[in-house]
2 protein chains.
Amino acid sequence: METVERLIRSTQELLWERGYVGTSPKAIQREAGAGQGSMYHHFAGKAELAKVAIERSAEELRAAAAEQLAGDGTAGERIGAYLSRERDVLKGCRVGRLTADPEVVADPELRKPLAETFAWLRERIAEVVAEGKQNGEYPETLDPERIAATIAAVLQGGYVLARAADSTEPFDLAVNGLIDLLEAM
Amino acid sequence: METVERLIRSTQELLWERGYVGTSPKAIQREAGAGQGSMYHHFAGKAELAKVAIERSAEELRAAAAEQLAGDGTAGERIGAYLSRERDVLKGCRVGRLTADPEVVADPELRKPLAETFAWLRERIAEVVAEGKQNGEYPETLDPERIAATIAAVLQGGYVLARAADSTEPFDLAVNGLIDLLEAM
DNA sequence: GTCTATAGAGCGATAGAC
DNA sequence: GTCTATCGCTCTATAGAC
């Protein structure tokens, strides 16, 4: 793999584990097996490299979610597949995690991929919910945008509860509770 | 206010805004209007001060939640009051935020208040849900522990979505979607 | 394109005077 | 109890050789 690619992937991994403030250029270089000069040759600095890495992680998240939410099952099945897919729960969400970073949220360039990713995700889930309404799976009164935000929030919040408990249990409880509520509709 | 108290409150505020990794002793001293020697006279170091500050924030969160969840309304009213209370949504949760910090999660002393807070919160919400089942507000099939985890997760995840969007809208959507689902039971 | 050397600043902590 | 001085280290970045 080329140096640039290794630098980007190492940055993605470190941002996921340690966030922007907790990730140093030196650590990125170590992870990537690249030297100081090599990194600064390809990227203007930490911020630019982080921008590229965050955009990459955002794309990957969207691709994964799109796959789970597509298919020809019922709305409930597709949402269930999305909620129940294999996840590295205790590591948390590589995109959502960055909202805790003040430097990411304060920089429009760095925050933009976060905003776009969750806007897209909520919109995509809302479409599936709307389809479920059309075929009678869900009642007419259900608001797709609200339910979509609730679904996205349960996942993000599930990660928080799991990391606090150092256990996947609260995440599983939260997801299953949401599924119970959706199935009762 | 005494120096010790100012140091603790400043640390609470900085941990909320910037997390453990992003908070330096120097910044704490500046915020508190205390000198270097003063801080190290009262506390062994950053970790000990953080431990006290985190425990304080955890207590405050529990006290606030206990207040909203108590009272003599129906279960739905009390959960609604808790979900809809005034919140500094874009600042996020002062306890949940710390789950993003690898150094907090890795240190049992620092993680303990987080684990205890959310364990207590989920248990407390589950009690209210169980009361709702008893008086016929919710169906017998409802699992209080699951629903409690879902409720806690929607709040924590709502903060994440709001910070990503730099807007309180997704938080409000997620909370209202949850209320819709609960009211339909 | 990658290397080493170096910079100025801040980090977290300690020492010792007052 | 609070102050200033200092420590060894890391941070992010730049310079210039190869």
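Per chain, numbering begins at 1; letters A, B, ... match sequence-line order.
A salt bridge is defined here as a Lys NZ or Arg NE, NH1 or NH2 lying under 4.0 Å from an Asp or Glu carboxylate O, and Lys51(A) with Glu55(A) meets this definition. With respect to the salt-bridge test (charged N to carboxylate O, under 4.0 angstrom), the residues Arg78(B) and Glu131(B) qualify. Ion pairing between Arg94(A) and Glu17(A) fails under the 4.0 Å rule for side-chain N and carboxylate O.
A donor-acceptor pair under 3.5 Å is formed between the side chain of Thr23(A) and the backbone N or O of Leu14(A).
At whole-Å resolution of the value, CE in Met1(B) and P in dG1(D) are 18 Å apart. One atom, CD of Gln29(B), and another, C1' of dG12(C), lie 10 Å apart when rounded to the nearest Å. The CG atom of Leu7(B) sits 12 Å away from the C1' atom of dT2(D) (whole-angstrom rounding). One can place CD of Glu5(B) at 15 Å from P of dG1(D), the figure rounded to the nearest angstrom. When the P atom of dT2(D) is taken as reference, atom CD1 of Ile28(B) falls 16 Å away, rounded to whole Å. Taking atom CZ of Arg6(B) as the reference point, atom C1' of dG1(D) lies 12 Å away to the nearest angstrom. If you take CZ of Phe43(B) and P of dT14(C), they are 16 Å apart, rounded to a whole angstrom.
Considering only side-chain N and O atoms, His42(A) lies under 4.0 angstrom from the phosphate OP1 or OP2 of dT2(C). Side-chain N/O atoms of Ser38(B) include none lying less than 4.0 angstrom from OP1 or OP2 on dG1(D). Between Thr3(A) and dG1(C) there is no side-chain polar atom (N or O) within less than 4.0 angstrom of OP1 or OP2. For the pair His41(B) and dG1(D), the criterion of a side-chain N or O lying under 4.0 Å from OP1 or OP2 is met.
Picking from dC11(D), dC11(C), dG1(D) the nucleotide with the shortest atom distance to the side chain of Lys26(A) gives dC11(D).
Under the 3.5 Å distance criterion, with hydrogens and angles disregarded, a donor-acceptor pair is assigned to the side chains of Arg87(B) and Tyr159(B). Between the side chains of Gln156(A) and Gln156(B), no donor N or O sits under 3.5 Å from an acceptor N or O.
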Got a list of protein N/O to nucleotides 13-17 of chain D N/O distances below 3.5 Å?
{"residue": "dA13(D)", "atom": "OP2", "partner": "Tyr40(A)", "partner atom": "OH", "Å": "3.3"}
{"residue": "dA13(D)", "atom": "OP2", "partner": "Lys46(A)", "partner atom": "N", "Å": "3.0"}
{"residue": "dA13(D)", "atom": "N7", "partner": "Gln36(A)", "partner atom": "NE2", "Å": "3.4"}
{"residue": "dA13(D)", "atom": "N6", "partner": "Gln36(A)", "partner atom": "NE2", "Å": "2.3"}

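Comparing Ser24(A) and Gly33(B), the nucleotide of DNA chain D nearest to each residue sits closer to the 5' end for Gly33(B).
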For this session: Give the C-alpha distance, both sets of side-chain angles, the deciding distance and a yes or no for side chain to side chain contact (heavy atoms under 4.5 Å, CB included) between Lys133(A) and Glu140(A).
Result: CA-CA 6 Å; Lys133(A) 279 177 66 173; Glu140(A) 265 308 311; 3.9 Å; yes
